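Have a look at the structure below before the remarks.
The structure displayed is predicted, hence computed values, not measured ones. We name chains A, B, ... by the order of the sequence lines, and we start the count at 1 in each one. The figures here come from the full heavy-atom set of this structure, side chains too, leaving out hydrogens, waters and symmetry mates.
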Number of protein chains: 2
Amino acid sequence: MEHHRKEEGNVLAVNIKDVAEKAGVSISTVSRVLNNGKYVKQEVRLAVQQAIKDLNFVPNSIARSLVRKKTNLIGVIASDISTSFFSSTLSYIEEAASQNRYNILVGNIKDNLDKELKYLHVFKEMQVDGIIVMHEKMNKHIERFLQTLTTPTVFCSAKPRTTVDCPSVNIDDMQASYDTVKHLIALGHRRIAFIGGDTKEISTGRNRYDGYLKALVESGISVNPEWVRFGNFKMKDGYEIMQSFLQGEYLPTVVFAVSDDMAVGALNCIVDHGLKVPDDISVVGFDDSSITETVRPKLTSLHQPIQQIGQMSVDILIKMIEGNSPGVKEVVLSHKLVERDSLRSLL
Amino acid sequence: MEHHRKEEGNVLAVNIKDVAEKAGVSISTVSRVLNNGKYVKQEVRLAVQQAIKDLNFVPNSIARSLVRKKTNLIGVIASDISTSFFSSTLSYIEEAASQNRYNILVGNIKDNLDKELKYLHVFKEMQVDGIIVMHEKMNKHIERFLQTLTTPTVFCSAKPRTTVDCPSVNIDDMQASYDTVKHLIALGHRRIAFIGGDTKEISTGRNRYDGYLKALVESGISVNPEWVRFGNFKMKDGYEIMQSFLQGEYLPTVVFAVSDDMAVGALNCIVDHGLKVPDDISVVGFDDSSITETVRPKLTSLHQPIQQIGQMSVDILIKMIEGNSPGVKEVVLSHKLVERDSLRSLL
DNA sequence: GACGACTCTGAAAACGTTTTGATATATTTT
DNA sequence: AAAATATATCAAAACGTTTTCAGAGTCGTC
């Protein structure tokens, strides 16, 4: 009855002390070989490595984090990871993080601000080294939280309120929207319907709408309020809004939606009503996500460089974490229109 | 020059000791109010809570995890989260976990076994309370790792090798495949092409293929090897395989693909070649993921209850973690065919 | 053969919690 | 009013690492 080793349940955890004993050295020495430190005799190093192998020892990174004050964890707030845009972005974020030996904690908030706040709290308690926010809506609580938070935070494909001081990675949404509408006009379109996003709480929604307005006004085309509706970036929204357009007195010649999902909703709605895309009505989307190629006709869409956006967000965040550098305030990446089959020229 | 508080960089971390001092009590007492323990005078409790608020104190869950030996972390291995099936499943897993106060660490391995092994190691080092694996390919290393791992693990929409003893949550893939092919036969189809998945390393691929074979054999239909191809569950695979079918001497009347993505690839290929679905060729998918509704004609597909699968995986895992119960070995959920517009009857 | 400069090692102090005794006071039961 | 119990508190140990410090050995140089 000698051995009362620390076994809890069935799990007998082997720790650095066990390795030290087995190898006949102190735990400091084991720690040194674990971290590839200098000043360990080759012979001793080998012995320790053997002991580690024999005992199947895996260091406890919780303990390590505690003393090092570094968890190598990045918390990510996403609005809805089941969506193609966010799941792609998330996958690029994960890739970049993993290459830098960081791991990812996901908070999928489904537009629920309470859940967002809850996750921000959890991230803080878990001592994550950094946070990436892919969501823009905010309330007082979240704003205050972010203001007092010292954990490095970057906004990815979203912009913080001016009262919150975090770098962000984006495209120039207003310019992108402006450019595509200008292009539509250049193709001879005048009846240009717009399916936007939330303009009050989401800068992305606001800016894309502004770009649309600016392009029309600049070209002397009057804005028909019947042809402007706002949804929540989902396919269903696009479908329903398109339905209302189809019931109007005049039909637009093209519909510009500020997300691919909404554009596809609109496209399907048109097709389901027996009309042809792009012969009867053209459709243009935004994001250039993978859905553009799964639909027929393939969707013309404004390309966001989401791989770059994801990777850049991580790079900046890590620089803030490791470099203590003030870093950039704002990164604006370039966009372009990718032409496929859902847009035709009227000329 | 009195105050040499522990500030590192700019961050001055406030800990339980600071709260204790401010409230004029010991840290044990603070800990008790933190955990809602008994034996704290109401008056003291309020004072402590006030101190917590004043100092904006957030407990360090790393330290807590260390002593409690509980991280409330679940590690998830996913093959590819940018895919609609996995991103949906992941989102249901996240939801269930979050409701039970667990947080999720994602490892997106993109079919890279080295990355999978790396993540399994990381999960172990991070002392996650449990692991969910949504991937089936394995090599010796992973197999050995899982065999010696004491962390509760469940396979979600995947089955472990018999040499690895973990519960799994699935549908009956063979029966599901059998049922749908039988249904096709009942609709008068005889020329039934099959786009399968990996049959050697993936039980899901094997079983769905077996179901196809069994249904044909049982109905006295001979298997035409020209009409059987295997892909990797991606849209592109479905497209390319369909292309080879279209170049054959005879055309099948229906194509059954074992993932929605491959089915959509096939469907698009058919449409791109100027044929009509389902008039010329019918298409049936597998998973009933959201893509079934984004495509025209809408895709008929074998429904997997992925919400249930995700939730059940988490439930079982948590039961293993908290209950120490042996728990179930295997959960088989029910499937059904969801009829949409891509399949027609020949009768 | 003394001095410094490396190399190697281990004891002990941290990191921020929870938990376990121990002790003291209040309340109830006998 | 003594005994038993319940309430309230704190000091100290524990969790598994890294890191600091001090000491011991080895080497080359003057």
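For the pair Val25(B) and Val67(B), both in contact range of DNA chain D, the more 5′-proximal nearest nucleotide belongs to Val25(B).
For Glu143(A), the salt bridge (Lys or Arg N to Asp or Glu O under 4.0 Å) partners at least two apart in sequence or on another chain are Lys140(A), Arg161(A). Looking at residues two or more places apart in sequence or on another chain, you find a side chain to side chain donor-acceptor pair (under 3.5 Å) between Asp54(A) and Gln50(A). Applying the salt bridge (Lys or Arg N to Asp or Glu O under 4.0 Å) test to Lys115(A) and every residue at least two apart in sequence or in another chain returns Glu94(B). In this structure, Asp315(A) has no salt bridge (Lys or Arg N to Asp or Glu O under 4.0 Å) partners at least two apart in sequence or on a different chain. The salt bridge (Lys or Arg N to Asp or Glu O under 4.0 Å) test applied to Asp114(B) returns no partner, not counting sequence neighbours. Partners of Ser98(A) under the side chain to side chain donor-acceptor pair (under 3.5 Å) rule, at least two apart in sequence or in another chain, are Lys118(B). Checked against side chain to side chain donor-acceptor pair (under 3.5 Å), Glu116(A) has the following partners two or more places apart in sequence or in another chain: His135(A). Remark: Glu95(B) engages Lys110(A) in a side chain to side chain donor-acceptor pair (under 3.5 Å) (not counting sequence neighbours).
For residues 27-38 of chain A, proximity to DNA chain C is found at Ser28(A), Thr29(A), Arg32(A), defined as any non-hydrogen atom under 4.0 angstrom from a strand atom. Within residues 41-62 of chain A, the residues approaching DNA chain C are Lys41(A), Val44(A), by heavy-atom distance under 4.0 Å.
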I'd like to know whether Ser61(A) forms a side chain to side chain donor-acceptor pair (under 3.5 Å) with Gln127(B), so could you lay out the CA-CA distance, the side-chain angles of the two residues, the decisive distance to 0.1 Å, and finally the verdict. CA-CA 8 Å; Ser61(A) 58; Gln127(B) 319 290 117; 5.7 Å; no
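Of all heavy-atom pairs spanning Ala20(B) and Val30(B), the tightest one is CA-CG2, 3.6 Å. Closest heavy-atom contact between Asn72(A) and Arg101(A): ND2-O, 2.7 Å.
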Would you tabulate the nitrogen or oxygen pairs shorter than 3.5 Å linking the protein to nucleotides 27-29 of chain C?
none

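Residues Ile309(A) and Cys156(A) are in side-chain contact: their nearest non-hydrogen atoms beyond the backbone lie under 4.5 Å apart. At least one side-chain heavy atom of Ile77(B) sits less than 4.5 Å from a side-chain heavy atom of Ile109(B).
Side-chain nitrogen and oxygen atoms of Tyr39(A) include at least one within less than 4.0 Å of the OP1 or OP2 phosphate oxygen of dT7(C). Contact annotation: Lys70(A) side-chain N/O to dT18(D) OP1/OP2 distance is not under 4.0 Å.
In this structure, CD1 of Ile16(A) is placed 12 Å from P of dG10(C), rounded to the nearest angstrom. If you measure from atom CZ of Arg64(B) to atom P of dA14(D), you get 21 Å, rounded to the nearest angstrom. Protein atom NZ of Lys17(B) is 14 Å distant from nucleotide atom C1' of dC10(D), rounded to whole Å. For the pair Arg68(B) CZ and dT20(C) P, the computed distance is 11 Å after rounding to whole Å. As a whole-Å value, the separation of Met126(B) CE from dT17(D) P is 15 Å.
Remark on the helix from dG1(C)-dC30(D) to dT30(C)-dA1(D): inter-end axis angle 50°, axes from five-pair C1' superpositions, rounded to 10°.
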